[in-house]
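Written out below as structure tokens is the structure these notes cover.
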Amino acid sequence: MSGADQHATAVAEIERFVAEHLPSDWAGPEGTEPRAARAWYDRLGEQGWTVADWPREHGGRGLDAATAAAVRAVLARHDADLPIHHFVPVKLIGPAIMAWGTAEQQRRYLPGIATGADMWCQLFSEPGAGSDLASLATRAVRRDDGGWVIDGQKVWSSFADGSRYGMLLARTDPELPKNAGISCFLLDMTLPGVTVRPLRQLTGDEHFSEVFFENVEIPPDTLLGPLNDGWRVAMSTLVAERSGLSEESGASGVPLAPLLGLARDRGGWQDATVRDRLAQLVATERALALTNARVSADPDPSGGAGGSVTKLALSELSQHIAELGFELAGPSAGYWSDDESPWAHDLLDSRRFTIAGGTSEIQRNIIAERVLGLDREPDPDRGRPWREIRRG
């Protein structure tokens, strides 16, 4: 079957599946009775539609990126796909388990990710290890039985307060340089000694949490990938995160369509300066979509660093959309309530986009070094054992 035929067949099949099986009283994930929503997501996941681009042996349908995106578009039109926060397990953690996990880990964890039954979070950043993630200090000490004891703290962990599992980076050998001696673990968030505290954001939401570990005991089979090679595991998820965050502005940023509608409704379209700003935003979003399509079709020669280009562009695009929307909404935008304009919320919420998934400064360094081939920034700690590095 040709690519075009596969695309058309998959779209027709998901359209038929939704028409036949979506509950008649479906009102989206928030408006549907929880048990009915759970039954729908179980059925959707069991058929591979929630992870259409995953290989069939791991519960997906083996579709190419463009066809999988078309499937997601059909589900989005009906508000019937997994909620957006499942981006973390579906796009980041599931593929990491497929790439690095044992057969037993894949059997244990992937079905719950595919159906949305199990929520996951990333336990990467720390109070003293944000942009310089490799300096992380959370420790994993091996026990005599081969298991591990975890002590430390993580912060800015999205959806940690509702997660069943977490992908944890911890230092297993402080005698190695900071990028080495790190291992990756699959952590049960319900274990004794794990404490999750939501953090209130500028918007009043509690999207992030800080997570504390105190003598948390985990078994040997929770190690993901080789011992002391967790940095490579982490980088594979961060590359996927930066690429996934930039599919289009509506995927994880501020969508452009409501702004265009606002400009028409409020008369902003009549202003030549506003039209010029809108045209720039439209052009940037189209360039993002085309760049991602090109990357999906051809491997990224920079080994994934190209995702930093689109991630950087999306972060700043989303902020520009929110800023212009707030301006066009007029004085009422400053009055923020659940029943009023969303633009105040979007304006405040958009500030996180140039931090989440790696700050814009870090993205520019990656682009400079790995895409443009410029000299690396000097690092006086390169090659030194982690225990000798000054932290604070």
Side-chain angles (χ1 to χ4, degrees), residues 1-98 106-120 159 162-165 240 243-253 255-258 261 289 292-293 296-297:
M1 184 184 296
S2 69
D5 290 341
Q6 183 195 55
H7 186 102
T9 299
V11 170
E13 192 173 349
I14 186 60
E15 291 275 18
R16 186 165 56 251
F17 185 87
V18 170
E20 293 176 357
H21 298 291
L22 187 68
S24 58
D25 59 349
W26 181 259
E30 300 300 326
T32 303
E33 193 271 326
R35 235 180 313 186
R38 178 72 269 145
W40 163 250
Y41 291 131
D42 284 345
R43 172 170 278 180
L44 197 66
E46 288 163 0
Q47 296 298 315
W49 290 119
T50 55
V51 289
D53 52 346
W54 284 17
R56 288 186 177 275
E57 62 267 28
H58 293 309
R61 300 185 74 89
L63 302 180
D64 60 64
T67 304
V71 167
R72 290 195 299 273
V74 172
L75 292 172
R77 192 167 70 247
H78 296 276
D79 199 14
D81 202 357
L82 289 173
I84 187 63
H85 53 270
H86 283 271
F87 168 86
V88 173
V90 168
K91 290 294 186 181
L92 309 183
I93 294 173
I97 293 174
M98 283 185 267
Q106 292 167 357
R107 284 194 295 270
R108 179 179 179 184
Y109 297 114
L110 293 179
I113 292 176
T115 62
D118 295 329
M119 186 58 200
W120 286 70
F159 314 114
S163 291
R164 177 70 172 80
Y165 297 103
S243 298
L245 286 175
S246 59
E247 286 185 353
E248 56 176 296
S249 67
S252 55
L256 181 57
N292 277 295
S296 297

Any [X] side-chain heavy atom under 4.5 Å of [Y] side chain:
X	Y	result
T50	V90	no
W26	V18	no
E13	Q47	no

Heavy-atom pair with the smallest gap, counting every atom of [X] and [Y]:
X	Y	value
W54	G94	CZ2-CA, 3.8 Å
P29	Y41	CB-OH, 3.2 Å
A70	V11	CB-CG2, 3.8 Å
G48	R61	O-CG, 3.5 Å

task = Could you tell me whether a side-chain N or O of W120 sits under 3.5 Å from a main-chain N or O of L92, the two making a donor and an acceptor?
result = no

Distance-only donor-acceptor hits, side chain of residues 30-37, under 3.5 Å, sequence neighbours excluded:
| residue | atom | partner | partner atom | Å |
| --- | --- | --- | --- | --- |
| T32 | OG1 | A27 | N | 2.9 |
| T32 | OG1 | G28 | O | 2.8 |
| E33 | OE1 | R35 | N | 3.1 |
| E33 | OE1 | A36 | N | 3.0 |
| E33 | OE2 | R35 | N | 3.2 |

request  = Could you tell me which residues satisfy ring pair (Phe, Tyr, Trp, His ring centres under 6.0 Å) with H21, sequence neighbours excluded, listed by chain and number?
outcome  = F17

inquiry  = Apply side chain to side chain contact (heavy atoms under 4.5 Å, CB included) to residues E57 and M98 and explain how you reach the verdict.
reply    = CA-CA 10 Å; E57 62 267 28; M98 283 185 267; over 6 Å; no

request  = First locate atom CD1 of I14, then atom CG of L63, and finally report the distance between them rounded to the nearest 0.5 Å.
outcome  = 10.0 Å

task = Please list all pairs passing the salt bridge (charged side-chain N to carboxylate O under 4.0 Å, His left out) test where one or both residues lie in residues 40-56, with sequence neighbours left out.
result = R38-D42, D53-K91

key: Single hit among V51, I97, L110 for side chain to side chain contact (heavy atoms under 4.5 Å, CB included) with H58   = L110

Show me the donor-acceptor pairs, under 3.5 Å and distance only, between side chains in residues 80-89 and residues at least two apart or in other chains.
none

request  = Go through the structure and list residues passing side-chain hydrogen bond (donor to acceptor under 3.5 Å, both in side chains) with R107, not counting sequence neighbours.
outcome  = E104

